[in-house]
Amino acid sequence: MGATFVGVRHHSPACARLVAATIEELRPAYVLIEGPADVNDRVDELLLGHELPIAIFSYDADHASWTPFCDYSPEWVALTTGRACGAEVRFIDLPAWHPAFAGRSNRYADAELRYAEVVERLCREFGVDNVDVLWDHLFEIETGDIRERLSRYFDLLRGSAQADDGDAAREEYMARWVRAAVADAGDRPVVVVTGGFHTPALKAMTAGDTEPPDALKAKATTAGHTTSPEQPQAKTPSETEWPEAPETMTAGDTTWPERPKAKTPSHTTTPAQPHATTAGDTAWPEVPKSTGASYLVPYSHQRLDAFTGYQSGMPSPEYYQRVWADGPARAADALVESVVTRLRRRGQPASTADLIAARTLADGLAGLRGHPHPARTDVLDGLVSALVSEDLTQPPPWTRRGPLLPGAHPALVEMVAALSGDRTGRLHPATPAPPLVTAVTELLTTLRLGHEGEVRLDLTEPDGLERSRVLHRLRVLAIPGFDRVSGPAAGTDPALDERWELKPSDLRVPALIEAAAFGATLEEAAGTALERRAACAGLAELAGVVFDAVLCGVTSLSATVIASLTDRVAVTADLAALGHVLGGVLALWRHDRLFGTARDPVLGAVLDASTRRILWLVEGLHGGPAPADPDRLRALVATRDAVVHADPALAVARADVAGVAGRVAADALAPPDLRGAALGLGWVLGEDEQPDVGHAAAGMAAPNVLGDWLAGLFAVAREEVLSSPSVVGVLDEIVHALTEDEFLIALPALRLAFTYFPPVERERIAGAVLAHRGVMGSARALLRTEVDPLVVAEAMALERRVDELLEGLR
Amino acid sequence: MSLDAARRFVVGDDSRGISRKFVGDPSLVDRALVTLATSRGLMLVGEPGTAKSLLSELIAAAVSGESTLTVQGGAATTEDQIKYSWNYALLVAEGPSTRSLVPAPMLRGMAEGKVVRFEEITRCPLEVQDSLLSLLSERVLAIPELTGPDGMVFAHAGFNVIATANTRDRGVNEMSAALKRRFNFETVFPIGDFQTELGLVEQEAAKLLAQSGVGVAPQRDVLEVLVRTFRDLREGNGTDRLSTVMSTAEAVSVAHAVGLRGWFLRGEAGTPADVVECLAGTAAKDNTDDLARLRRYLEQHAVRRKGAQWQALHQARHLLPG
Ligand SMILES: Nc1ncnc2c1ncn2[C@@H]1O[C@H](COP(=O)(O)OP(=O)(O)OP(=O)(O)O)[C@@H](O)[C@H]1O
Ligand SMILES: [Mg+2]
């Protein structure tokens with residue numbers, strides 16, 4: 001007896017049915033399945049009784065990938081039916097971490113997409129939009145025996161394609177399993193379920209072992225060959241260099257005793273292949289050891305559908321779930337119903353007349369396309385024709401095979417959603433989880449963080465700090481349900497407590513299982529996550545990473561990241577990013593006691609480099625009047641704070657900073673907001689003498705610059721302005737001297753400038769203005785105008801113009 | 001023709017030597033054909049030059065054997081031109097009769113059971129558009145001037161309407177909801193794939209040039225530059241889109257013009273410099289903003305592309321006016 005190969009498309013219900021039928025018919029000794037061989041000793045875990053979809057999540061230090069299963073996956077059906085029929089069930093493909101899978105995150109992506117040319121030609125020949133429609137047409141909607149057509153289809157695909165090194169390595173490995181199983185099974189059958197793309201190669205490589213059993217032979221001859229497109233010979237990939245086989249382990253218990261071959265292969269298909277010549281030809285292949293691990297995770301139809309490009313597989317999981325469970329006719333009805341329900345729930349029109357029209361069209365399309373029942377796109381095409389009464393902004397996604405772009409028609413959105421569905425899997429409670437999951441669960445319990453609701457933490461207490469760190473680590477790992485509401489943030493005054501919002505959900509455990517790829521402990525995982533983030537972060541983002549690392553109490557990371565921060569700060573021309581960095585690092589400096597970042601010289605170096613760079617850039621910044629730029633003002637605020645609070649870390653002397661500030665403030669070429677800010681900076685740093693604000697302001701009194709200049713001044717020297725009533729008076733006089741028209745021009749920027757004061761302080765200023773004018777009155781009332789000041793100003797200007805006109809008439 | 005044969009006629013069938021006449025998703029053609037077999041009309045909408053008229057002609061020809069029953073929509077279109085009018089000499093001599101009646105495309109289509117094309121329907125006044133309502137819903141056209149059975153013309157099987165509408169015009173938004181309900185809408189999109197569009201432009205331009213007596217076929221690498229330029233300016237790939245429509249149809253006509261210039265001015269196939277001249281004359285005509293965008297494209301994008309023809313296109317930028 002030899003091997004019977006069932007080449008499948010992953011996630012195809014038609015193939016799943018064929019797999020089940022074949023196994024039930026042959027009752028084989030072995031069922032061999034394309035899947036990670038390193039999981040073989042844990043097949044029982046897969047069969048604990050989960051609700052599908054689930055996936056095997058595999059990871060090692062640099063790579064993570066999924067092997068997803070749903071109810072109608074041929075591989076899943078092979079597993080369950082094989083077990084039920086008493087067969088030995090084995091996964092026979094290389095582990096996910098093997099270089100053959102480099103860059104692959106979905107083990108069950110469509111292989112044939114890598115070989116698109118022939119697919120394109122077939123689509124032309126059959127007059128269909130794309131490979132998914134072709135697949136439905138050829139296989140899913142057909143009710144008859146698809147065996148023959150399926151193997152002709154895959155022969156054609158494979159015949160025209162050149163397998164890459166990764167494929168070759170996998171096929172060679174899988175072929176060894178097949179040979180071993182056939183030898184071991186003696187005269188009992190072996191069923192091999194792999195992606196159809198690999199089947200022709202596997203057949204060729206194991207030729208001689210592969211007499212199809214009589215039952216199948218008979219069927220094969222009845223299926224008509226006449227309409228078949230010419231069938232290229234399956235190619236033995238002998239011109240491909242065989243990669244090194246995975247390192248051989250010493251024969252352990254996984255290697256079965258060597259047996260005499262049941263049938264001597266008439267030829268070895270790969271003469272250059274070392275294994276073919278060794279006596280171990282029919283020995284069970286060793287499972288390569290890895291540093292990584294695999295765990296089951298719950299999966300969802302949405303994720304199954306969300307793979308794109310080279311990772312994508314069969315689309316529309318909810319639809320095919322229905323096809324699997326109820327057949328294509330009922331699946332079509334269910335699809336229509338689901339779309340209509342969704343549309344109505346969103347308040348979109350879907351009248352009975354439209355539905356009748358959609359059904360008529362779908363039936364008509366099925367007729368035209370030769371389908372016994374409406375297929376997936378017959379239904380979709382009918383719906384889109386009947387429901388959309390305007391021009392679309394993008395082609396229907398099922399015609400182009402890609403995700404929906406933003407701004408899509410609501411009918412399209414609901415159709416795509418209905419195809420995907422919202423089914424999510426659930427693991428059996430006894431499923432083993434990686435250590436991280438247990439560790440975190442225990443941590444949450446001991447630290448009293450497992451509940452739902454708000455948590456307040458005092459960071460000055462050791463207990464508060466510890467809980468905070470755990471929460472931050474979970475946050476940077478993007479584990480759902482840990483949201484910080486308030487707490488220390490980069491660049492603000494030191495806050496000493498935190499508030500968190502906790503919300504346990506079903507999504508936590510799957511997220512934790514996947515986070516386990518980053519490390520076995522929470523601290524390690526968070527550190528790796530931050531390291532990855534730092535590797536591709538921009539300058540501003542990098543400061544955020546450093547801050548997060550400190551919040552997480554991850555010390556190992558900080559030093560290298562900080563060093564690279566210093567280097568990059570020294571050369572950047574991006575003032576906004578510099579402001580972020582300086583603000584963020586300064587906050588750490590100032591929070592040092594809280595986080596134990598004791599006056600760290602490395603942090604100090606960043607402060608020094610940033611301050612120096614900001615001053616250098618600011619002094620060269622020319623450009624005349626321009627609207628105030630909050631980002632660069634923030635950079636100057638950060639500089640102010642650095643000089644005030646971190647003086648010891650800075651090489652540049654306070655007096656020199658004041659000197660730069662003075663020069664910029666007086667520089668007629670500098671933008672007004674910067675001049676104002678520089679004046680403010682000089683004021684803050686000036687030991688005792690106060691700058692002549694009145695004089696400076698008089699120079700900036702033009703209506704198109706006044707507001708921006710003040711914005712700069714207020715941003716940097718808010719407190720100084722507040723505590724100096726004479727300055728308020730001078731400013732009042734300048735504003736008062738504006739004509740109504742000028743005031744109108746200046747008003748928007750002025751309003752922006754005053755937003756640097758919180759409401760309470762605005763009231764103090766209003767009080768100062770009243771006092772300056774010698775008026776008794778309520779400052780608060782002055783602020784609480786009922787009408788938009790802009791409207792008031794416009795009205796004043798209008799009145800003035802009427803007055804002038806009247807004047808002229810007299 | 002059966003629906004299946006009609007479909008092959010439009011999308012082509014290599015194995016039977018039937019050429020592809022419309023380049024686009026086969027499913028669009030399927031939907032259009034099946035719609036015509038129902039009681040709803042077919043409305044083809046899309047940007048100008050996406051082959052809406054071509055498609056409607058092909059489908060009408062495939063389904064009814066002819067595509068001449070056509071109403072051309074415009075601001076001055078009247079009901080007379082849609083339904084029927086009178087031969088006034090006969091009308092005065094004999095009074096209203098089937099002899100003095102002059103049937104317009106709708107009447108003929110209904111009586112003969114054929115597909116009627118209604119081009120640019122949204123350019124017609126709204127009342128004129130709405131005069132289609134009763135034709136499409138009751139499938140009968142009343143001629144009140146005639147008495148007896150002649151006063152009612154019933155639609156024979158096979159009658160239906162294919163309308164086209166351009167999204168750059170008034171568009172379909174203003175069309176009455178009642179009329180919209182009588183149509184299935186199909187949006188025709190520009191060709192998605194570069195090679196396909198290039199192939200089409202090459203084929204159509206070669207045909208037109210041969211008809212114009214030009215002795216050389218267009219040069220492929222020049223056409224590549226031309227089609228890529230059209231697509232960039234249409235989709236705004238890292239550049240500004242033009243407000244002028246950069247359709248495939250326009251690309252064909254520019255390719256034709258380039259070939260004409262090359263052949264009749266210098267006896268060769270046309271160069272990127274001709275492309276620039278023709279673009280200036282068509283795409284960026286009367287629109288200073290588009291002209292500026294085109295100039296920026298030639299200055300900053302063309303220069304970064306590899307290949308002699310791209311460099312030639314860049315060099316020719318000074319040929320733009322202004
Ligand atoms: N997808 C396509 N398939 C075939 N020909 C095309 C296609 N796209 C553009 N063309 C070319 O453009 C011409 C189509 O112009 P047509 O007048 O049919 O377009 P239209 O959409 O009706 O434009 P308008 O809105 O300006 O009336 C065809 O004759 C052909 O040369
Ligand atoms: Mg047209």
Side-chain angles (χ1 to χ4, degrees), chain A residues 116 120-130 132-134 136-137 227 229 349 351 353-354 356-371 374-378 380-402 409 411-412, chain B residues 2-8 10-16 18 20 24-40 42-47 50 52 122 165-168 171-173 175-193 195-196:
Chain A
E120 215 168 88
R121 202 177 74 225
L122 280 174
C123 288
R124 277 290 296 277
E125 263 168 35
F126 283 91
V128 295
D129 293 347
N130 59 50
D132 295 327
V133 184
L134 180 71
D136 286 340
H137 178 70
T227 54
S351 68
D354 288 337
I356 295 172
R359 197 162 300 241
T360 312
L361 288 163
D363 288 340
L365 286 162
L368 171 61
R369 294 163 177 171
H371 301 156
R376 188 178 63 108
T377 50
D378 300 341
L380 297 173
D381 281 335
L383 281 170
V384 78
S385 283
L387 292 178
V388 176
S389 291
E390 60 213 296
D391 49 313
L392 291 175
T393 52
Q394 58 184 306
W398 57 91
T399 63
R400 294 285 157 98
R401 204 174 200 264
H409 192 282
L412 290 187
Chain B
S2 71
L3 276 192
D4 186 48
R7 162 183 213 265
R8 288 173 200 280
V10 178
V11 302
D13 183 347
D14 293 343
S15 65
R16 296 175 204 210
I18 303 170
R20 168 153 78 162
D25 295 334
S27 62
L28 166 67
V29 178
D30 292 351
R31 288 193 300 265
L33 287 169
V34 171
T35 289
L36 289 178
T38 70
S39 58
R40 290 203 202 181
L42 171 64
M43 174 77 63
L44 297 174
V45 287
E47 293 267 297
T50 45
K52 297 180 294 296
T122 47
N166 185 320
T167 45
R168 293 279 176 124
V172 291
N173 293 334
M175 179 180 277
S176 71
L179 188 58
K180 276 189 186 170
R181 272 204 302 279
R182 302 291 185 288
F183 282 99
N184 282 349
F185 281 64
E186 278 303 335
T187 309
V188 187
F189 290 93
I191 298 173
D193 173 58
Q195 288 300 339
T196 313

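In this text the structure is predicted, and so the values were computed from the model without any measurement. Chain letters run A, B, ... following the sequence lines, proteins first, then strands; residues in each count from 1.
Only one option out of A/T393, A/T399, A/L392 pairs with B/F189 in a side chain to side chain contact (heavy atoms under 4.5 Å, CB included); it is A/L392.
The closest side-chain donor-acceptor pair between A/E125 and B/S15, if any, does not fall under 3.5 angstrom. A/D391 and B/T187 form no side-chain donor-acceptor contact under 3.5 Å, judged by distance and modelled atom types alone.
Neither the backbone nor the side chain of B/D13 comes within less than 4.5 Å of any heavy atom of chain A. With a 4.5 angstrom heavy-atom cutoff, B/T167 touches chain A only via side-chain atoms. Of the atoms belonging to B/R181, not a single heavy atom falls under 4.5 Å from chain A. Residue B/R8: no heavy atom, backbone or side chain, is found under 4.5 Å from chain A.
Rounding to the nearest 0.5 Å places OG1 of A/T377 at 9.0 Å from CG of B/D30. Between the CE atom in B/M43 and the CD atom in A/E390 there is a gap of 12.5 Å [rounded to 0.5 Å]. Atom-to-atom distance recorded for B/R182:CZ and A/S389:OG is 11.5 Å, nearest 0.5 angstrom. Going from atom CG of A/D381 over to atom OG1 of B/T35 covers 10.0 Å, rounded to the nearest 0.5 Å.
Nearest heavy atom pair, residue B/P26 against residue A/G127, reads CB-O, 3.2 Å. A/S385 approaches B/R31 most closely through the heavy-atom pair OG-CD, 3.4 Å.
With respect to chain A, the highest number of heavy-atom pairs below 4.5 Å among B/V34, B/L33, B/L3, B/V45 belongs to B/V34. Chain B forms more heavy-atom pairs under 4.5 Å with one residue of A/P395, A/A357, A/G364, A/S351 than with any other, namely A/P395. Top candidate by heavy-atom pairs under 4.5 Å with chain B, chosen from A/N130, A/D378, A/V133, A/D354, is A/D354.
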I'd like to know whether B/D25 forms a side-chain contact (heavy atoms from CB on, under 4.5 Å) with A/R400, so could you lay out the CA-CA distance, the side-chain angles of the two residues, the decisive distance to 0.1 Å, and finally the verdict.
CA-CA 9 Å; B/D25 295 334; A/R400 294 285 157 98; 3.4 Å; yes

